[in-house]
Amino acid sequence: PITAICRCAFRDCKSLKEIAIPNSVTSIEPNAFENCESLVSITLPSSVSSIQSNAFQNCTSLERIIIPPSLNSIEEGAFYNCSSLKSINIQSNEQTFSECSSQFVIPSSINVIDRSVFYCCSKLTEIEIPSSVTSIMDLAFHGCKSLLKIKIPSTVTKIGSHAFSYCSLLQEITIPENVTKIEDGLFERCTSLKTIEIPSSVTLIGNSVFSGCTMLEHVKLPSSIEVI
């Protein structure tokens with residue numbers, strides 16, 4: 001049986017509109033569907049445990065993807081520039097969350113939101129991050145221009161540089177108490193961000209963190225800050 005969709009297997013299949021993945025597949029390997037510009041939706045079987053780097057990069061027509069709750073790894077750039085992606089939904093007893101919502105639901109089996117995973121997913125309006133996540137890596141949500149709000153769980157201890165830069169509609173965000181550093185460019189060009197409170201755990205604020213935040217009115221800085 002087929003156990004993997006191998007590296008670059010369907011890369012540049014620009015007319016591919018749909019594909020049925022068998023239940024024996026456990027991984028979607030790097031660049032497997034890169035540049036499949038006509039692919040609109042895809043359902044991953046319950047056997048899949050990992051989506052590897054850049055697997056769906058530049059699938060610019062991809063609107064919906066259904067993933068199994070057992071998925072434990074979404075690697076760097078998996079959905080890079082999926083500019084039409086509106087929803088990622090989790091299978092649950094053959095039922096899914098609403099596919100018409102512009103929401104991403106990340107499975108509770110995920111521990112790290114890797115670098116550039118949702119880079120320029122410009123249709124995303126809301127994201128639900130489970131308490132299993134401890135790290136959000138560099139550029140994870142860069143350029144998500146429709147993202148309005150995001151709730152980061154208290155389990156997160158690291159948020160990488162430029163993770164939310166150019167999220168031009170982002171209005172509110174809460175930084176967890178366990179984060180100790182605000183990395184470079186974290187909120188750069190978040191032009192709708194009006195207020196933010198930095199927790200007392202933070203000791204360092206990097207370069208260009210609020211550069212271009214033209215609507216920013218209130219920033220509360222704790223006494224723990226040593227370097228800005």
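Throughout, residue positions are numbered sequentially from 1 according to the sequence presented. In what follows, every heavy atom counts, from backbone to side chain, and hydrogens, waters and symmetry copies are set aside.
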With heavy-atom distances below 4.5 Å as the criterion, would you say the side chains of [X] and [Y] are in contact?
X	Y	result
K149	K151	no
I65	F56	yes
L85	L124	no
C144	C167	yes
I152	V179	no
I88	I106	no
L44	P68	yes
I19	F33	yes

To the nearest 0.5 Å, tell me how far [X] [atom1] sits from [Y] [atom2].
X	Y	atom1	atom2	value
I51	I5	CD1	CD1	12.0 Å
I159	T180	CD1	OG1	10.5 Å
R189	H142	CZ	NE2	11.5 Å
E63	L39	CD	CG	10.5 Å
S208	L186	OG	CG	11.5 Å
D184	N207	CG	CG	4.5 Å

[X] and [Y]: same hydrophobic cluster, using ILVMFWY side-chain contacts below 4.5 Å?
X	Y	answer
I175	F164	yes
L193	I198	yes
V219	V202	yes
Y166	L139	no
F79	Y119	no

Is there a donor-acceptor pair closer than 3.5 Å between any side-chain N or O of [X] and the backbone N or O of [Y]?
X	Y	value
T155	S131	yes
T125	L148	no
E183	G160	no
S27	A4	no
S168	T191	no

*Among residues two or more places apart or on two chains, list those pairs meeting side chain to side chain donor-acceptor pair (under 3.5 Å) that have a residue in residues 39-57.*
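Listed by first then second residue: N54-Q57.
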*Taking atom NZ of K158 as the centre, report whether more than 12 heavy atoms of other residues, nucleotides or ligands fall under 6.0 Å from it.*
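Yes - once you tally the heavy atoms of other residues, nucleotides and ligands closer than 6.0 Å, there are more than 12.
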_I2 CD1: over 12 foreign heavy atoms closer than 6.0 Å_ =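 Count not over threshold, so no.
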_Applying ring pair (Phe, Tyr, Trp, His ring centres under 6.0 Å) as the test, list every pair that has at least one member in residues 11-32; sequence neighbours left out._
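Sorted pair list comes back empty.
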If every non-hydrogen atom of [X] is compared with every non-hydrogen atom of [Y], which pair is closest and at what distance?
X	Y	value
P130	P107	CG-O, 3.4 Å
N31	R11	O-CB, 3.9 Å
P45	V25	CG-O, 4.5 Å
S109	S132	N-OG, 4.3 Å
C82	L62	SG-CD2, 4.4 Å
V133	I110	CG2-O, 3.5 Å

*Thinking salt bridges, do E217 and K194 make one under a 4.0 Å N-O criterion?*
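No, E217 and K194 are not salt-bridged.
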_salt_bridge(K14, E37) N-O dist < 4.0 Å_ =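 Yes.
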*Start with the C-alpha gap between S38 and L16, add the side-chain angles, then the distance that decides, and say whether side chain to side chain contact (heavy atoms under 4.5 Å, CB included) holds.*
CA-CA 6 Å; S38 299; L16 182 67; 5.9 Å; no
*Have a look at M137 and tell me which of V117, V112, I113 forms a side chain to side chain contact (heavy atoms under 4.5 Å, CB included) with it.*
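Exactly one option meets the side chain to side chain contact (heavy atoms under 4.5 Å, CB included) with M137, and it is V112.
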*ring-ring contact (aromatic ring centres under 6.0 Å, His included) partners of H162, counting only residues at least two apart*: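 None.
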*asked:* Would L170 and F141 count as a side chain to side chain contact (heavy atoms under 4.5 Å, CB included) here? Give the steps.
replied: CA-CA 11 Å; L170 184 64; F141 298 98; over 6 Å; no
*asked:* Run R64 and V40 through side chain to side chain contact (heavy atoms under 4.5 Å, CB included) and show every step you take.
replied: CA-CA 7 Å; R64 297 177 300 277; V40 175; 4.3 Å; yes
